[in-house]
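Inspection log for the structure reproduced underneath, given as structure tokens.
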Number of protein chains: 2
Amino acid sequence: MEIFYIDEDKHYVAIDCIIFGFDAGELKLLLLKRKFEPAKGEWSVMGGFLKREESLDEGARRILLQLTGLTDIYMEQLQSFGDVNRDPGERTISIAFWALIKVNDNDIKLAKTHGAQWVSIEKIPQLIFDHNNMVQKGLKTLRNKIVTKPIGFELLPEKFTLPQLQSLYEAINQEQMDKRNFRKRILETGLLDKMEEKEKQSSKKGAYYYMFNKEKYRLFAEMGFHFQMKAKKDSLIKGNCQV
Amino acid sequence: MEIFYIDEDKHYVAIDCIIFGFDAGELKLLLLKRKFEPAKGEWSVMGGFLKREESLDEGARRILLQLTGLTDIYMEQLQSFGDVNRDPGERTISIAFWALIKVNDNDIKLAKTHGAQWVSIEKIPQLIFDHNNMVQKGLKTLRNKIVTKPIGFELLPEKFTLPQLQSLYEAINQEQMDKRNFRKRILETGLLDKMEEKEKQSSKKGAYYYMFNKEKYRLFAEMGFHFQMKAKKDSLIKGNCQV
DNA sequence: CACTCAAGTGTAATTGAAACACTTAAATTT
DNA sequence: AAATTTAAGTGTTTCAATTACACTTGAGTG
């Protein structure tokens with residue numbers, strides 16, 4: 001079989017996954033302590049080596065499955081990282097993916113056995129190698145993507161309230177939005193189906209649950225979609241100048 | 001050195017470059033006939049294997065240099081392609097880049113010695129492997145990118161006219177724009193410096209040359225930029241529904 | 001029964017984008 | 001030298017989308 005490219009170099013190829021979750025009003029990252037050398041014990045994103053017989057997507061799904069026990073995860077390729085000395089062990093090319101998971105769905109125990117932990121994106125520690133770069137790139141990509149695809153739903157439980165959805169958008173963009181404008185705009189897309197049931201944890205009055213309409217979602221995925229709002233005047237959560 | 005990952009698989013890693021140019025009012029792609037097996041003689045984008053001692057960017061620049069003789073090329077990573085059987089020769093992962101070059105700057109002779117040829121994006125032939133996929137993804141990325149970064153200049157000669165610039169935008173987006181709105185919007189960005197000289201090839205009256213202002217360009221690259229216009233009513237160049 | 005807390009709701013003002021047609025400059029033709 | 005041709009150049013009005021903004025409602029708590 002190896003008849004064509006015999007003189008060319010071969011490389012280790014890793015897959016690294018930036019895993020986002022949303023919990024308690026915060027956008028979070030699933031991080032873990034690396035269990036092998038080099039850099040054993042330091043914080044990193046979840047990764048593994050690409051195997052001979054699997055595609056990039058398959059590799060990423062395998063790694064996500066290992067960590068979370070979940071098979072049906074929203075996932076996209078982010079970018080490849082290939083500086084010669086990025087991995088001090090050996091020259092390794094990393095193909096990074098980003099993924100969105102519903103924190104409640106997640107089998108936390110499984111993640112725990114890997115030493116994994118949810119960390120707020122506002123408190124990301126020093127990570128190994130170029131993983132902080134990957135995370136920043138992932139965040140940027142997520143922020144861009146959510147404008148043109150309603151992927152917020154991938155981070156929420158099946159039933160959710162409008163205040164929850166708004167707080168998710170605010171957590172992702174690190175800026176507050178006007179409640180009336182947000183509700184108007186998101187409802188007029190038709191993406192949300194109102195339930196009769198109310199969520200009563202976070203207020204006395206209770207907020208109606210919604211589910212997102214999978215038909216409309218598919219439609220928008222094909223036809224295109226645009227959902228963006230300026231932040232409330234004088235209310236950037238941080239000194240955060242997004243572009 | 002090879003002490004850490006000895007049990008892991010290694011892979012051939014290729015770099016493939018989608019090279020865009022603009023000439024005669026058309027957006028073009030630099031394609032070439034493959035000079036080695038497998039698929040020798042078929043159309044492909046320019047590529048090569050990643051070497052042990054070079055980063056991804058360095059690899060891409062080496063390949064662009066080989067083909068065009070140019071060192072200072074606008075270039076971005078596109079995406080990695082890693083289906084197990086994408087290359088019928090052997091399992092090879094390709095990391096694709098896209099690049100913009102000024103056709104006139106290009107040492108055409110050098111490209112010719114590689115059997116390279118500019119092909120309009122409206123007439124892209126069947127390419128080897130998954131290269132047609134790469135090209136489509138590259139086009140999509142270029143179309144998205146030009147909204148938020150004024151990279152059109154990378155495709156034009158140093159001095160260019162407003163009609164030329166508009167025709168570039170129209171070629172990229174495959175739709176016609178209103179002349180008055182286009183000029184107004186692009187001029188009010190301040191990105192363009194008007195020259196005293198006129199271009200006289202394409203009209204009797206002649207059109208003023210402009211150069212783009214590098215200071216402002218840098219500023220916009222940092223601060224963010226947005227330039228998008230709807231197509232002229234009833235004037236899509238093709239039945240092209242862009243999203 | 002008063003109070004508290006977050007959920008829920010509509011309109012006016014402003015801004016930004018799109019639509020639209022004639023004049024000008026210079027070369028070419030008669 | 002006058003008439004014709006060709007593409008360049010130029011402002012204003014209209015319309016649509018987004019933003020700003022404040023009070024009422026419902027239900028649990030003390």
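It should be emphasised that the depicted structure is a prediction, and the values quoted were computed from it without experimental measurement. Sequence lines set the chain letters: A, B, ... in the order given, protein chains first and strands last, and positions in each chain run from 1.
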Under 4.0 angstrom, heavy atoms only, what part of the nucleic acid is A/Ser202 near: base, sugar-phosphate, or nothing? sugar-phosphate
Between P on C/dC5 and NZ on A/Lys200, what's the gap in Å once rounded to a whole number? 17 Å
When you check the side-chain N and O atoms of B/Gln166 and B/Gln176, is any donor under 3.5 Å from an acceptor? no
Result for 5'-nearest mapping on DNA chain D, choosing between A/His226 and A/Gly206, is A/His226
Dump every N/O contact between nucleotides 19-23 of chain C and the protein below 3.5 Å, one line per pair.
| unit_1 | atom_1 | unit_2 | atom_2 | d |
| --- | --- | --- | --- | --- |
| C/dA19 | N7 | B/Asn181 | ND2 | 3.0 |
| C/dA19 | N6 | B/Asn181 | OD1 | 2.9 |
| C/dC20 | N4 | B/Asp178 | OD1 | 3.3 |
| C/dC20 | N4 | B/Arg180 | NE | 3.4 |
| C/dA21 | N1 | B/Arg180 | NH1 | 3.4 |

Can we say A/Lys145 and A/Glu76 salt-bridge, meaning some charged N sits less than 4.0 Å from an Asp/Glu carboxylate O? yes
Can you check whether B/Phe129 and B/Phe81 have ring centres sitting under 6.0 Å from each other? no
Can you name the atoms? Protein N/O to nucleotides 1-4 of chain C N/O, anything below 3.5 Å, with the distance.
| unit_1 | atom_1 | unit_2 | atom_2 | d |
| --- | --- | --- | --- | --- |
| C/dT4 | O2 | A/Lys204 | NZ | 3.3 |

Inspect the surroundings of NZ in A/Lys140 and state if more than 12 heavy atoms from other residues, nucleotides or ligands are less than 6.0 Å away. no
Residues passing the side chain to side chain donor-acceptor pair (under 3.5 Å) test with A/Glu196, sequence neighbours excluded, are none
Assign the ring pair A/Phe220 / A/Phe225 to parallel, tilted or perpendicular, where the plane angle (0 to 90°) is split at 30° and 60°. perpendicular
Nearest heavy-atom approach of B/Ile63 to B/Gly47 is CD1-C, 3.9 Å
Spacing between B/Glu197 atom CD and C/dA25 atom P, to the nearest angstrom: 19 Å
Can you tell me how far C1' of D/dT19 sits from CZ of A/Arg183, to the nearest Å? 18 Å
A/Leu187 has an atom CG; how far is it from atom C1' of C/dG10, in whole Å? 14 Å
Calculate the interatomic distance between B/Arg185 atom CZ and D/dG9 atom P; express it in whole Å. 19 Å
Taking it one step at a time, do B/Tyr74 and B/Ile151 satisfy side chain to side chain contact (heavy atoms under 4.5 Å, CB included)? CA-CA 9 Å; B/Tyr74 182 87; B/Ile151 47 176; 3.5 Å; yes
Applying the ring-ring contact (aromatic ring centres under 6.0 Å, His included) test to B/Phe153, which of B/Tyr210, B/Phe22, B/Phe160 qualifies? B/Phe160
Given C/dG8, D/dA8, D/dT19, the nucleotide with the shortest approach to the side chain of A/Pro163: C/dG8
